[in-house]
Novice: 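Can you keep this structure in mind? I'll have questions shortly.
Heads up: numbering here begins at 1 and tracks the sequence.
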Amino acid sequence: MKVTGIQTYDRTISPELKELRQRVKKFIDEKVIPAESIFEKGGPESDQIILELQALAKKENLWAPGLPKDIGGGGLSFKEYALINELVGVSDLAWFALGTFTTQDAIMLNLYGTTELKEKWLLPMVRGEIYQSAALTEPEVAGSDPTLIQTTAVLEGDEWVINGHKWFITGANRAAFSTVFCVTDPDAPRHRRASMIIVPTDTPGYEIIRNVPTMAKSFGGSHCEIKLTNVRVPKENLLGKRGEGFLIAQKRLGPGRIFHSMRWLGQAQRAFDLMCQRALTRYSHGSLLSEKQMIQKFIADSATEIQAARLMTLEAAKKIDQGDDARVEIAMIKVFGAKVLHDVIDRSIQVHGALGVSGDTPLENMYRKARYARIYDGPDEVHTVSIARNILKKYQEGETWSPDGY
């Protein structure tokens, strides 16, 4: 039984998008899922299977579907991409195989990069020839408050000289460059102190100290701790304008949170499929698990929560397509989607019993990764406060708040 469930939206999506979803699902079921065991071993064989699948995805016109066509992507809108990325989310390997790993940083570079920076970094990244990383988080200060960062960049002549300490820099061990968030104007207002600067990872003074050990296996890229010691890069490596680092970071993180939510739907759906399959085949205490009311409640609750999260994600994506910053909607789905992801996987493990915590299913690693979701790209607590603050602001201004303004 395949474990990449597809939902039907015949009345709300175009025939072309429906056909694309079917092709993506077929590609993942037939090409990606069978190759996961090779990918998960790591090493040269893992790298080779990524390259082979990427070449096949490009041949089948499935590559980078969420990026603009003029930079080599598929040109889908945010809402359309949500319906594709949900399918991609079932597998870490699919994330690499279809080029969706570039989307968040590619959007940022496309918005703020100069023509030269796009030619040197963006286009090769979109083609899958190089990998990227974003260096924002620091161990010495709260990652949820980027205005506290301590990494500095001083302009000396035609070069930025960068010093600092970063960690949880995902994929830095294979990246060709890091986009470094650093203080360039320490005396400016707190949201104008920082800038974004592109730093090639082979620059003298750029040092990967270690891959930070984490609670889940990290296939295809580790979470690195890096040190920057008198790193010199051309002043032209500045992304956007000086002092726009906070703005650019938010422009990167906002869509990124929706991308996470899209992928979480795929993970939750995969866990749900496995749970239903197990319930229909496992016999215990006189009946199949599927005939027991407690298990039926697991299934009903999970289906309801997945659908709610799906609709919330699509609504946030629609608002972005309409030019709205969708701040409340993004925060809502970041918090709610992370909880749904955890709860569905947890129920699926419970239905599997001892098998669920073994390495014989993907559930045990999915569960550990699900715990990250409440932390990365902003912890639940920060987003919860943001939701309340933005809604209350409406009432303070004499307005009311309701979904989509109804």
Side-chain angles (χ1 to χ4, degrees), residues 47 71 96 101-141 143 146 148-186 193-212 218 220-249 251-253 256:
D47 293 339
I71 61 171
F96 286 94
F101 66 91
T102 69
T103 307
Q104 189 172 3
D105 289 287
I107 289 174
M108 177 180 67
L109 279 173
N110 196 39
L111 284 173
Y112 295 101
T114 63
T115 300
E116 292 74 18
L117 290 177
K118 291 178 183 180
E119 288 287 338
K120 186 170 184 178
W121 303 112
L122 173 63
L123 298 183
M125 180 178 70
V126 173
R127 293 193 294 265
E129 297 167 0
I130 62 173
Y131 290 92
Q132 77 288 350
S133 62
L136 281 76
T137 307
E138 299 181 359
E140 292 83 9
V141 296
L148 299 177
I149 64 156
Q150 298 177 351
T151 297
T152 62
V154 178
L155 190 60
E156 293 186 0
D158 292 335
E159 293 182 320
W160 290 105
V161 182
I162 305 173
N163 287 277
H165 183 198
K166 302 282 186 179
W167 76 335
F168 280 88
I169 312 307
T170 304
N173 57 320
R174 62 164 61 207
F177 69 95
S178 291
T179 308
V180 178
F181 189 62
C182 47
V183 175
T184 53
D185 299 271
R193 296 172 67 241
S195 300
M196 287 282 204
I197 299 174
I198 291 179
V199 178
T201 54
D202 60 359
T203 306
Y206 183 107
E207 177 190 3
I208 295 179
I209 298 173
R210 59 170 178 153
N211 292 334
V212 180
S218 184
S222 299
H223 306 291
C224 299
E225 181 177 359
I226 66 173
K227 190 173 183 181
L228 303 153
T229 306
N230 293 324
V231 171
R232 290 180 173 269
V233 297
K235 66 178 182 181
E236 290 80 13
N237 281 25
L238 179 70
L239 197 60
K241 296 179 181 178
R242 184 166 175 166
E244 285 189 337
F246 188 84
L247 170 67
I248 296 171
K251 289 290 186 180
R252 177 186 181 273
L253 291 170

Novice: Between CG of Leu123 and CG of Leu117, what distance do you get to the nearest 0.5 Å?
Specialist: 11.0 Å
Novice: Just verifying a value: how many Å separate Asn173 CG and Ile226 CD1, rounded to the nearest 0.5 Å?
Specialist: 11.5 Å
Novice: Under the criterion side chain to side chain contact (heavy atoms under 4.5 Å, CB included), which of Asn211, Thr137, Thr170, Ile169 is the partner of His223?
Specialist: Thr170
Novice: Working note: Gln150 + Glu140, criterion side chain to side chain contact (heavy atoms under 4.5 Å, CB included); need CA distance, chi angles, decisive distance, verdict.
Specialist: CA-CA 8 Å; Gln150 298 177 351; Glu140 292 83 9; 3.9 Å; yes
Novice: Please evaluate residues Asp105 and Arg252 with respect to the criterion side chain to side chain contact (heavy atoms under 4.5 Å, CB included), reporting the C-alpha separation (whole Å), side-chain torsions for both, the decisive distance (0.1 Å), and the verdict.
Specialist: CA-CA 7 Å; Asp105 289 287; Arg252 177 186 181 273; 2.9 Å; yes
Novice: Where the side chain of Arg242 meets the backbone of Thr184, is there a donor-acceptor pair that is under 3.5 Å apart?
Specialist: yes
Novice: Between atom CG of Leu239 and atom CD1 of Ile248, what is the distance when rounded to the nearest 0.5 Å?
Specialist: 4.5 Å
Novice: Are the side chains of Phe177 and Ile130 in touch, meaning some heavy atoms are under 4.5 Å apart?
Specialist: yes
Novice: Over all heavy atoms of both residues, which pair between Ile197 and Cys182 is shortest? Give the atoms and the distance, please.
Specialist: CD1-SG, 3.7 Å
Novice: Treating Glu138 as the side-chain partner and Thr151 as the backbone partner, does any N or O pair qualify as donor plus acceptor under 3.5 Å?
Specialist: yes
Novice: State, with a plain yes or no, whether a side-chain heavy atom of Trp121 is found less than 4.5 Å away from one of Pro200.
Specialist: yes
Novice: I would like to know whether Val233 and Ile198 meet side chain to side chain contact (heavy atoms under 4.5 Å, CB included); could you show each step before the answer?
Specialist: CA-CA 8 Å; Val233 297; Ile198 291 179; over 6 Å; no
Novice: Looking only at non-hydrogen atoms, find the nearest pair between Phe181 and Ala249 and report the distance.
Specialist: CE1-CB, 4.3 Å
Novice: In Å and rounded to the nearest 0.5 Å, what is the CZ to CG distance from Arg232 to Asp158?
Specialist: 11.0 Å
Novice: Grab the two heavy atoms, one from Ala106 and one from Val126, that are nearest each other, plus how far apart they are.
Specialist: CB-CG2, 4.1 Å
Novice: Does the pair Arg210 and Trp167 meet the rule for a side chain to side chain contact (heavy atoms under 4.5 Å, CB included), with working shown?
Specialist: CA-CA 9 Å; Arg210 59 170 178 153; Trp167 76 335; 3.9 Å; yes
Novice: About how many Å separate CG of Leu253 and CE of Met108, when rounded to the nearest 0.5 Å?
Specialist: 9.0 Å
Novice: More than 12 foreign heavy atoms under 6.0 Å from NZ of Lys118: is that the case here?
Specialist: yes
Novice: Between Lys227 and Glu207, is there a side-chain N and carboxylate O pair less than 4.0 Å apart?
Specialist: no
Novice: Kindly say whether Val231 contributes a backbone atom to a donor-acceptor pair with the side chain of Thr203 at under 3.5 angstrom?
Specialist: no
Novice: Search all heavy atoms of Pro124 against all heavy atoms of Lys120 and return the closest pair with its distance.
Specialist: CG-O, 3.4 Å
Novice: Spell out, as yes or no, whether a donor-acceptor pair under 3.5 Å connects the side chain of Gln132 to the backbone of Leu122.
Specialist: no
Novice: Of all the heavy-atom pairs spanning Tyr206 and Ser133, show the shortest one and how long it is.
Specialist: OH-OG, 4.4 Å
Novice: Under the 3.5 angstrom rule, does the side chain of Ser178 hit a backbone N or O of Ala134 as a donor-acceptor pair?
Specialist: no
Novice: Roughly how far, to the nearest 0.5 Å, is the CG atom of Leu247 from the CG atom of Leu111?
Specialist: 9.5 Å
Novice: To check you understand the geometry: which heavy-atom pair defines the closest contact between Val180 and Lys166, and what is its length?
Specialist: CG1-CE, 4.2 Å
Novice: Compare all side-chain heavy atoms of Leu238 with those of Ser195 and state whether any distance is below 4.5 angstrom.
Specialist: yes
Novice: Taking the side chain as everything from C-beta on, heavy atoms only, tell me whether Val183 gets closer than 4.5 Å to Ile149.
Specialist: yes
